[in-house]
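This is the structure I want to talk about, given as structure tokens.
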Amino acid sequence: MEGGQTITLAALSITLLVGLSRAMILFIVTSGLSFVLGVLRVPNVAHGSLYMIGAFAAYSISALFGSGSVGFWLALIFAPLVVALISLIAERSLFCHLYEREHLMLLLFTFALMLILGDLTKIVWGADYRSIMPPSLLQGFVTIFDSPFPKYNLFLLIIGPLVAIGLWLFSTKTKMGKIARAAAVDMEMVGAIGINVSWVFAFAFVLGCLLAGLGGALVSPTISVTLGMDHDIIIEAFLIVTIGGLGNMWGALVGSLIFGITQSFGVLLWPQFAIVFPYLAVVIILTLKPTGLLKSVW
Amino acid sequence: MFGELIRQKSFGVSLAVFLVLLLAPSFLPRFYIYLLAVIFVTALLAMSLNLCVGHGMLFQFHHGVFYGVGAYTAGLLLAKTSIPWWMAFVAGPLAAAFAGLLIGLFCIRLNKLYFGMLQISLGSLIWAIAFRWYGLTGGDDGIHGIPIPDFIASTTGSYYFVLIVLGICLFLMYLILKSPFGSTLQAIRDNPERCAAVGIHVRHHQLKTIVIATFFGGVAGVLFVVVEGSIFPDLLFWVLSLEIFIMCLLGGWFTFAGPILGAAIIVSLRTFVGTYTEYWTLILGVILILLIFFLPEGIMGYNYRQLFRSRTKYAHDSQME
């Protein structure tokens, strides 16, 4: 805004769209975190690491198939599955033996998992920067309000709502989803009617981590994939689920929208301190509404 | 109070340890003296956090910020102004306590996880400012080669300074915890409802605790500047905060000296394992998992289990423990 520059309506709309597409990534990642929080009641600190592994796995898979369009689409499918497999192994081999213990132990375990996965990523992929090209279909720009807007971000704007609808259908229409929702409210009762609670937990954990992997795979063409992206996302994700209401999927959506949009408007208004804006928004929301915007399942 | 203190066996032990540490520079190589100084700084930081976490059951998730504020205040004053060194050293903890008061005023109205999350958010604001304001803070690189007064600039000098300040701070913390104020704080931890019912202003009390804890956190920050002579934004990053949280848990967060043990273990591990491999966090993670599975009492300490039994009902009700 220095130099008497005025902000045009077009610039505002583009900023809004960029913020929305960022919010879609955030939503996909945080909906997974929120799901685990809701059912297992554990803030999964390793969630960001799984997101990072999703991005690295997407890079490797797409490189395996010649970095073309086919590679990208395969990466989008298989990278989340790789992440799901990793989380399933961690859950069945170690995590599931801790469900009877204090919650703090579960939290500590996810912290240990974050430390281990972070270094394993370093061992497997190294500390270099990686980048992935979006498929040719999604390369380039479309013109919206006379300004260029990346096609890939448009794609994100479509995927985000699809994931939201999918999750909503899953949790309201399928048996497994209903069990998971019931488990979030009263775990003991779910166990009492003869459902294997341990497997419900495993399922919820793996589904949550799968979403982290999907988020990582989706974000990989828009940023440079590198170590440390786990640290950045996990704090944002925790704050989003907190302002949205713990364990509430729609809360994750609302929180992501607020976070993404304040972030992109921050870039427009004051680029140097853009990262301050979303944090300020969180402060304001938690000051006005201490338990988050929507109802928490806790 | 002093008579009771002197009669305790642990007092004699700590006095002996203190004396040995005073003599340490005469028989230990320089590297170990430096390592001990780093352990002392981290131990003070963990102890200050434990005032909130262990004794007050406040989920102070971003305590590292106050450490960083103390370090940045002292470091910037030393590097960029010509005020006497002792004023910079006093300003550090005061700035940290002020930041603690400001952030505490916001957070104190919330409970448990929400308290921690709001604190992470507010702390990240401060981190973002330190990280981005290149003109003042040096941004990502931080500031190195901060002028330290001559008498504490050497390894041995800084070692003695850190040791003496640590001793004074630990003694003060002990007095605070043994005072009626400390007892009230622990009563609030064990049963906030009943404390409110007998007329204790729970929130005021917790806010005072936060200010005290952040003050000591700021002292640790100043000591960091003395030992390292540099400041950088990682001091304020949440990963460090989580690490000191782990130190408290590891050593035993319902014990007085537990965090010192936790800090010593983690700092030594990082230093020694770090010389053999660059993957020390991997090893830390594996050790943490081994502790969770095989030595939960080693993490929490026996006292924790005793306390936890009596608290199981509340833990279940609030779903956060």
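Since we're looking at a predicted model, the values are computed, not measured. Each chain gets a letter, A, B and so on, in the order the sequences are listed, and its residues count up from 1.
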Item checked: Heavy-atom pair of closest approach, residues B:Phe293 and A:Leu94 ->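 Closest approach of B:Phe293 to A:Leu94: CZ-O, 3.2 Å.
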Check: What distance separates B:Phe61 CZ from A:Phe238 CZ, expressed to the nearest 0.5 Å?
Finding: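 It comes to 8.5 Å.
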Item checked: Separation of A:Trp270 CH2 from B:Arg132 CZ (nearest 0.5 Å) ->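 It comes to 12.0 Å.
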Next item on the list: For chain A, find which of B:Ile283, B:Leu242, B:Leu284 contributes the most heavy-atom pairs closer than 4.5 angstrom.
Entry: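 Top count of heavy-atom pairs under 4.5 Å with chain A: B:Leu242.
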Notebook entry, point to check: Given that the side chain runs from C-beta out, which part of B:Val239 has a heavy atom under 4.5 Å from chain A: side chain, backbone, both or neither?
Noted result: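 Looking at B:Val239, just its side chain touches chain A.
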Next item on the list: Side chain from CB out, backbone as N, CA, C, O: work out which of these in A:Ile123 comes under 4.5 Å of a heavy atom of chain B, or both, or neither.
Entry: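 Interface part for A:Ile123: both.
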Margin query: Does B:Phe98, at its CZ atom, have more than 12 non-hydrogen atoms belonging to other residues, nucleotides or ligands within less than 6.0 Å?
Written below: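 Check fails, neighbour count at 12 or below.
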Item checked: Euclidean distance, A:Leu280 CG relative to B:Ser124 OG, rounded to 0.5 Å ->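 That separation rounds to 11.5 Å.
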Next item on the list: Please report the shortest heavy-atom distance between B:Ile289 and A:Ala112, naming the atom on each side.
Entry: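 Distance-wise, the nearest heavy atoms are CG1-CB, 3.6 Å.
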Next item on the list: Give the C-alpha distance, both sets of side-chain angles, the deciding distance and a yes or no for side-chain contact (heavy atoms from CB on, under 4.5 Å) between A:Asp119 and B:Trp280.
Entry: CA-CA 8 Å; A:Asp119 259 5; B:Trp280 94 271; 5.9 Å; no
Checklist line | Closest-packed option against chain B by number of heavy-atom pairs under 4.5 Å, given A:Leu239, A:Val241, A:Leu120, A:Leu106 | finding: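 Most pairs with chain B among the choices: A:Leu239.
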Item checked: Nearest non-hydrogen partners of A:Val276 and B:Leu125, listed with the distance ->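 Looking at all heavy atoms of both residues, the shortest contact is CG1-CD2, 3.2 Å.
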Next item on the list: Would you give the length of the straight line joining atom CG of B:Leu282 to atom CD1 of A:Ile116, rounded to the nearest 0.5 angstrom?
Entry: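 Output value for this atom pair is 6.0 Å.
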Note to self: Between B:Trp133 and chain A, with a heavy-atom cut-off of 4.5 Å, which part of the residue counts as in contact: side chain, backbone, both or neither?
What the structure shows: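 For B:Trp133, the contact with chain A is made by backbone and side chain together.
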Check: Nearest 0.5 Å, what's the CG-CD1 distance between A:Leu115 and B:Ile246?
Finding: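 It comes to 7.5 Å.
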Notebook entry, point to check: Can you tell me how far the CD1 atom of B:Ile120 sits from the OH atom of A:Tyr279, to the nearest 0.5 Å?
Noted result: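 Reported value, rounded in 0.5 Å steps: 9.5 Å.
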Next item on the list: Counting only heavy atoms closer than 4.5 Å, note whether B:Ile287 contacts chain A via side chain, backbone, both or neither.
Entry: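 No part of B:Ile287 comes within 4.5 Å of chain A.
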Note to self: Ignoring hydrogens, what is the shortest heavy-atom contact between B:Arg109 and A:Leu286? Give both atom names and the distance.
What the structure shows: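 Reported closest heavy-atom pair: NH2-O, 4.1 Å.
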Checklist line | A:Leu108 versus B:Leu288, closest heavy-atom pair with distance | finding: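 Answer, listing the atom of A:Leu108 first, then B:Leu288: O-CD2, 3.8 Å.
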Note to self: Can you tell me which portion of B:Phe237 sits under 4.5 Å from chain A's heavy atoms? Options are side chain, backbone, both or neither.
What the structure shows: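 Just its side chain gets close to chain A.
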Note to self: For chain B, which candidate among A:Leu113, A:Leu98, A:Ile235 shows the most heavy-atom pairs at distances under 4.5 Å?
What the structure shows: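 Highest number of heavy-atom pairs under 4.5 Å: A:Ile235.
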Notebook entry, point to check: For the residue pair B:Phe106 and A:Thr287, what are the closest heavy atoms and their distance?
Noted result: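 Closest approach of B:Phe106 to A:Thr287: CD2-OG1, 3.6 Å.
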